[in-house]
Amino acid sequence: YKRQAQQGPRNLSITWNDGAESVFDVRALRLACACAECVDEWSGKPRLDPASVPEDVHPVRIQSVGRYAIQIEWSDGHASGVYPFQRLRELSEA
């Protein structure tokens with residue numbers, strides 16, 4: 001991970017150390033949150049109802065978590081999700 005940047009209101013880009021760039025739709029990234037509030041820790045089943053996430057949700061704040069992840073505070077008030085860089089790369093390649 002090298003840096004992240006908002007690309008307009010709907011996209012977040014991440015530039016990786018190897019020069020690759022991943023561009024994420026911010027709502028899709030919000031829906032991909034894997035925290036215990038959004039995904040049941042025991043069953044792995046999603047707990048987040050996509051209909052409860054506004055179409056215009058967007059990052060309010062992004063901060064680094066050590067050298068392995070970012071944490072995003074969302075405009076819908078959600079802030080407990082940590083997005084490990086490995087998961088972000090997997091999401092971008094899917």
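Val57 and Val60 are not part of a single hydrophobic cluster, where members link through side-chain heavy atoms under 4.5 Å apart.
As a member of the Ile/Leu/Val/Met/Phe/Trp/Tyr network built from side-chain separations under 4.5 Å, Tyr68 groups with Val65, Val82.
Legend: salt bridge (charged side-chain N to carboxylate O under 4.0 Å, His left out) pairs involving residues 84-94, not counting sequence neighbours, sorted by first then second residue: Asp18-Arg89, Arg89-Glu93. Pairs passing the side chain to side chain donor-acceptor pair (under 3.5 Å) check and including a residue from residues 39-52, sequence neighbours excluded, read Asp40-Ser43.
Evaluation of the side-chain hydrogen bond (donor to acceptor under 3.5 Å, both in side chains) rule for Glu73 yields no partner, not counting sequence neighbours. Remark: Gln63 pairs with Arg61, Gln71 by the side-chain hydrogen bond (donor to acceptor under 3.5 Å, both in side chains) rule, at least two apart or across chains. For Arg10, there are no salt bridge (Lys or Arg N to Asp or Glu O under 4.0 Å) partners two or more places apart in sequence or in a different chain.
In this structure, CD1 in Ile72 is found 6.0 Å from CG in Leu12, a value given to the nearest 0.5 Å. Between Ile14 atom CD1 and Ile62 atom CD1 the span is 7.5 Å, to the nearest 0.5 Å.
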Compile the donor-acceptor pairs under 3.5 Å between side chains in residues 22-35 and protein atoms, sequence neighbours left out, one pair per line.
from  : atom 1 : to    : atom 2 : distance (Å)
Ser22 : OG     : Trp16 : NE1    : 2.8
Ser22 : OG     : Ser92 : OG     : 3.0
Asp25 : OD2    : Arg27 : N      : 3.2
Asp25 : OD2    : Ala28 : N      : 2.9
Arg27 : NE     : Val53 : O      : 3.3
Arg27 : NE     : Pro54 : O      : 3.3
Arg27 : NH2    : Pro50 : O      : 2.7
Arg27 : NH2    : Val53 : O      : 2.9
Arg30 : NE     : Asp76 : OD2    : 3.0
Arg30 : NH2    : Asp76 : OD2    : 3.4

